[in-house]
Every structure is written in C-alpha cells, then in structure tokens.
Number of protein chains: 2
Amino acid sequence: MILTRLILGLLNLAPMTGYDLKKHFDSSVNHFWHADKAQIYRTLAQLVRDGLATVRTVPQENYPDRQEHHITEAGRRELGAWLASPLGPDRAREPFLARVFFAGDMERAEVLELLERRRAQAQAQLAEFEAMHADLGDAAVRDRRAYLMAATLDGGIRHVRAEIEWLDSTRENLP
Amino acid sequence: MILTRLILGLLNLAPMTGYDLKKHFDSSVNHFWHADKAQIYRTLAQLVRDGLATVRTVPQENYPDRQEHHITEAGRRELGAWLASPLGPDRAREPFLARVFFAGDMERAEVLELLERRRAQAQAQLAEFEAMHADLGDAAVRDRRAYLMAATLDGGIRHVRAEIEWLDSTRENLP
DNA sequence: CTGGCATAAGTGACAAATCGACTAGGAGAT
DNA sequence: ATCTCCTAGTCGATTTGTCACTTATGCCAG
C-alpha cells in the first residue's frame, strides 16, 4: 500500500524502469524508506494492472530494452489522494531501543559495547547523509519541490544526530 | 522473528498471558514497538511449539483462566543470543518524511497544514512519553535494568523532540 | 582469451508481518 | 440497560521482506 504510493511518487517525477527505481531507493529515498527489487517489480506490475501506470518498451543498443513505467492520470489522482489523506497512527519501530530495553541481564561492559556498535553505525549513516546534503544545489531554497526533498534529508540527519546524542548520554550515566 | 525476541524479553521479566503482553505493547513498550493481539497469540503458540516457553493454566474466580506463559532455559538462551548478535542494517521507515518528499505539487497552504497535523500528533506523543517518564521511580539511576528501560523512553522522547524541531524549522523556511 | 564484474531487467517461492473482523462470557460502574 | 474491563482466542486476506535464480552484453585484468 505505502510502497504503491512511494513508487507512484517517483514515477511522478520521471518515467522509470524497475532498475531505476531500485537505484532511487538505494540513494535519494534511502533515508526514509527501503525497498527490495522483488518488491519493486511486484508493485510495478500491480500498478499497471490497476491502471495507475503504463509501460513503454524503449529499445536500447547492447542492453536489454528498458521497460519504462509512466504514471497515468489515475495514478496522479491516487498520489494526490494519499498526500491529502489523514495521517496514520505513528507506530515506532526501533529494534535498537528494543535491545537496550531488554539488555538488563548483560554485563556493564557488554552494554557499553552494544552502545558503541550502534554509535559507529549511526555515525556512518550521518556521514553518508551529510555528504548527500552537501551535494544538494541551491534550488532547494526557492523551489518548493526541491526544498521539501532537501528537508526530508535534513529530517533524517536530525534523527541520527538525536540518536548519537542519546547514545552518548546513555553511556555516560550507565550504572 | 523480532516479535519472538520481544515477547521472550517480556516473559523474561515476568510470566504473562497474551492479554498481559498486549497491555505492555500498548504502554511500556509502545515507544519502540507495536504489536497486534493476533500477532501476540500466534507468536506465543509458536514459542511453546519451539520449547522457548511453557504454558501454565492458572484458574481464576469470575474470570477466564489465565494462560500464563513462562520462559524456558532455551528461551533465555535464545534471548541472550539475540542481544549479543550483530546489529542488522538500519532501515529507516518514516512514512511522514515520504509524504513531505512527494508533496512538491501541493499548494503552500496545504504543505503547511500537513506539517501542522504532524506537529499536533508529535506533540501529543511527546506529552504521553513525558508523562510516562515522570512516573518512573528513582531506581532507574542505580539499577541497570531499570536504567536501560528508562533510557529507551528517553530515546523515544529525544526522537520526538528532534522531529518537532525539524517541523518548526521546515515550516519557517518553506518557500 | 578467459573469468569476473557491472549494467540491465526481471522471476519465483516462501516466510513473516499487518490488519480487521469475529467469538465468548462474567463483573462492575453509570 | 448499556458500557467498559478482564480474559482468551480464531480466521482470513493482504502486504512486506528475503533470498536465490535467470539471461545477456560490455569491459577490464590477468
């Protein structure tokens, strides 16, 4: 359901193949969602079945034909309806916090190591997001579309930074 | 898979029925995970099948018998193994950021309203978490188990606060 | 000139998670 | 009377997530 909308959103920016979409999910969209390519192809087929997208085969030399998916009018309506729909309940899903919650039986040193491992992971992610943010042009100040896209990256960065601060504070006061 | 571990973690704190577990998922654990009762009962049955938990029927007056689930030694080992296992890749999953990312076609006022709706939701969540945090005793300073549980709530609070700050900053600079 | 990697575009099958509706009954409060 | 709480589930459909397998060319290193 949600993947349907995300893919529609991407197709609304430009026609794409499953391969193109996968690249987006691994880069530009990766700070708020992840999708496997099997999921992408499956959803794409469903979109076409439901008339929200159409396929156009674009021949290429030396490479397999591109199966370009284009959003339809119905697809645009569906996307608009999603954007305007009520916000779903916000269900946190943080496997790392879960580990910490249940880590009461671990030795102090083990807990410290767990927090350290997570910190390294978060730090790497932060560096990645900041590099992406640095690559953004200055269109993001004036153009609303570019601004909103940049804002989501900023949101991702703030989340990671908050987590790192939390990890440090948790480590410092650990009894 | 992950639910298996979370339920094992809760059973490790005290024997519980499916109903008890549901209450925990709706309160103490709700800032990092959510589970539906159908999932809980299904997982409980699976734990018993796999020998990670046992059931004891505790008769009650005026109420249905409690089907108390107790963690077994194998269950404790499984829980320990999970706590020590490598961290999985950290896949962000933020449907709200997704909306913002694709909101480029919306009117400025609509975007503002979208951000406002989210802010109200986050604010309510923050109030809820802060109330829970205030109810925590002072054991959380000395006792490691209590400390770690309190720390996860603190983590939840920091996440929500970071989001509210992001929403405000995004609103202020919206072109 | 062969083997491996990248590009390109998928398919298939299964496991796990999610969601919503339905069933069943007594106790106590408004 | 009706509503909520406590207790315990079940059923079925849809959605997600994971992993392995396929086909074919271009290009580079050894």
Side-chain angles (χ1 to χ4, degrees), chain A residues 1-8 11 15-27 29-30 32-50 52-53 55-69 82 85-86 88-95 98, chain B residues 1-8 15-27 29-30 32-50 53 55-69 82 88-95 98:
Chain A
M1 212 78 295
I2 174 98
L3 227 210
T4 312
R5 278 72 180 262
L6 303 191
I7 290 181
L8 239 21
L11 295 183
M16 291 186 204
T17 65
Y19 192 84
D20 294 336
L21 285 164
K22 177 58 179 155
K23 279 191 294 186
H24 274 282
F25 275 99
D26 290 345
S27 59
V29 151
N30 141 77
F32 63 80
W33 209 268
H34 170 265
D36 176 273
K37 82 185 150 109
Q39 282 175 273
I40 292 170
Y41 284 115
R42 214 188 311 142
T43 306
L44 235 21
Q46 184 207 311
L47 248 22
V48 173
R49 251 201 332 278
D50 297 348
L52 305 178
V55 206
R56 180 154 22 183
T57 303
V58 181
Q60 294 189 108
E61 281 171 26
N62 304 333
Y63 292 111
D65 296 350
R66 288 172 59 76
Q67 298 296 317
E68 250 184 24
H69 290 71
W82 170 59
S85 70
D90 164 40
R91 270 149 191 169
R93 209 183 160 62
E94 313 222 34
Chain B
M1 212 80 293
I2 173 99
L3 228 211
T4 312
R5 278 72 182 261
L6 302 191
I7 290 182
L8 238 22
M16 290 186 205
T17 66
Y19 191 83
D20 294 335
L21 285 164
K22 178 58 179 156
K23 278 190 297 185
H24 275 282
F25 275 100
D26 290 345
S27 58
V29 152
N30 140 78
F32 63 79
W33 210 267
H34 170 265
D36 175 274
K37 88 185 148 106
Q39 281 176 273
I40 293 170
Y41 283 115
R42 215 186 313 131
T43 307
L44 236 20
Q46 184 207 312
L47 288 174
V48 172
R49 253 202 329 278
D50 297 347
V55 205
R56 180 154 20 180
T57 302
V58 180
Q60 294 190 110
E61 281 172 26
N62 303 334
Y63 291 112
D65 296 351
R66 287 171 61 75
Q67 299 295 316
E68 249 183 26
H69 290 72
W82 170 59
D90 163 38
R91 267 140 197 179
R93 207 185 162 63
E94 311 222 33

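Residue numbering restarts at 1 for every chain, and letters A, B, ... go by the order of the sequence lines.
- For the pair A:L47 CG and C:dG10 P, the computed distance is 14 Å after rounding to whole Å.
- Checking side-chain atoms of B:K22 against main-chain N and O of B:A35 turns up a donor-acceptor pair under 3.5 Å.
- Using a 4.5 Å heavy-atom cutoff, the side chains of A:I2 and A:W82 are in contact.
- Rounded to an integer number of Å, the gap from A:D36 CG to C:dA15 C1' is 13 Å.
- Comparing B:A35 and A:H69, the nucleotide of DNA chain C nearest to each residue sits closer to the 5' end for A:H69.
- Listed nucleotides C:dT18, D:dC19, C:dG25 differ in distance to B:R42; the shortest reach to its side chain belongs to C:dT18.
- In this model, the phosphate group of C:dT18 is approached by a side-chain N or O of A:R93 to a distance below 4.0 Å at OP1 or OP2.
- Going from atom CE of B:M16 over to atom P of D:dT7 covers 13 Å, rounded to whole Å.
- Taking atom CG of B:L6 as the reference point, atom P of C:dT18 lies 10 Å away to the nearest angstrom.
- For A:R5, no side-chain nitrogen or oxygen approaches OP1 or OP2 of D:dT15 to under 4.0 Å.
- Comparing C:dG10, C:dC22, C:dA16 against the side chain of A:Y41 picks out C:dG10 as the nearest.
- The side chain of A:K37 lies closest to D:dC21, out of C:dC19, D:dC21, D:dT16.
- If you find the closest nucleotide of DNA chain D to B:K23 and to A:M1, the one lying nearer the 5' end belongs to B:K23.
- A donor-acceptor contact closer than 3.5 angstrom links the side chains of A:T17 and A:D20.
- With sequence neighbours excluded, no residue satisfies side-chain hydrogen bond (donor to acceptor under 3.5 Å, both in side chains) with B:D36.
- Regarding contacts with the backbone of C:dA9, a side-chain N or O of A:T17 is found under 4.0 angstrom from either OP1 or OP2.
- For A:A38, the listed nucleotide lying nearest its side chain is D:dC19; candidates were C:dG20, D:dC19, D:dT16.
- B:D26 places its CG atom 12 Å from the P atom of D:dC5, with the value rounded to the nearest Å.
- Positionally, the nearest nucleotide of DNA chain D for A:T43 lies more toward the 5' end than for the other of A:P64 and A:T43.
- Side-chain contact between A:I40 and A:L44 is present, with heavy atoms from C-beta onward closer than 4.5 Å.
- One can place CD1 of B:I40 at 13 Å from P of C:dC19, the figure rounded to the nearest angstrom.
- The closest side-chain donor-acceptor pair between B:Q67 and B:T57 falls under 3.5 angstrom.
- With rounding to whole Å, B:L3 atom CG is found 18 Å from C:dA15 atom P.
- Contact check, B:Y19 against D:dC6: a side-chain N or O comes under 4.0 Å of OP1 or OP2.
- Distance CZ (A:R66) to C1' (C:dT7): 12 Å, rounded to an integer number of Å.
- Residue-level contact check: A:K22 touches neither bases nor backbone, having no heavy atom under 4.0 Å from any strand.
- A close approach under 4.0 Å does occur between a side-chain nitrogen or oxygen of B:Q39 and OP1 or OP2 of C:dT18.
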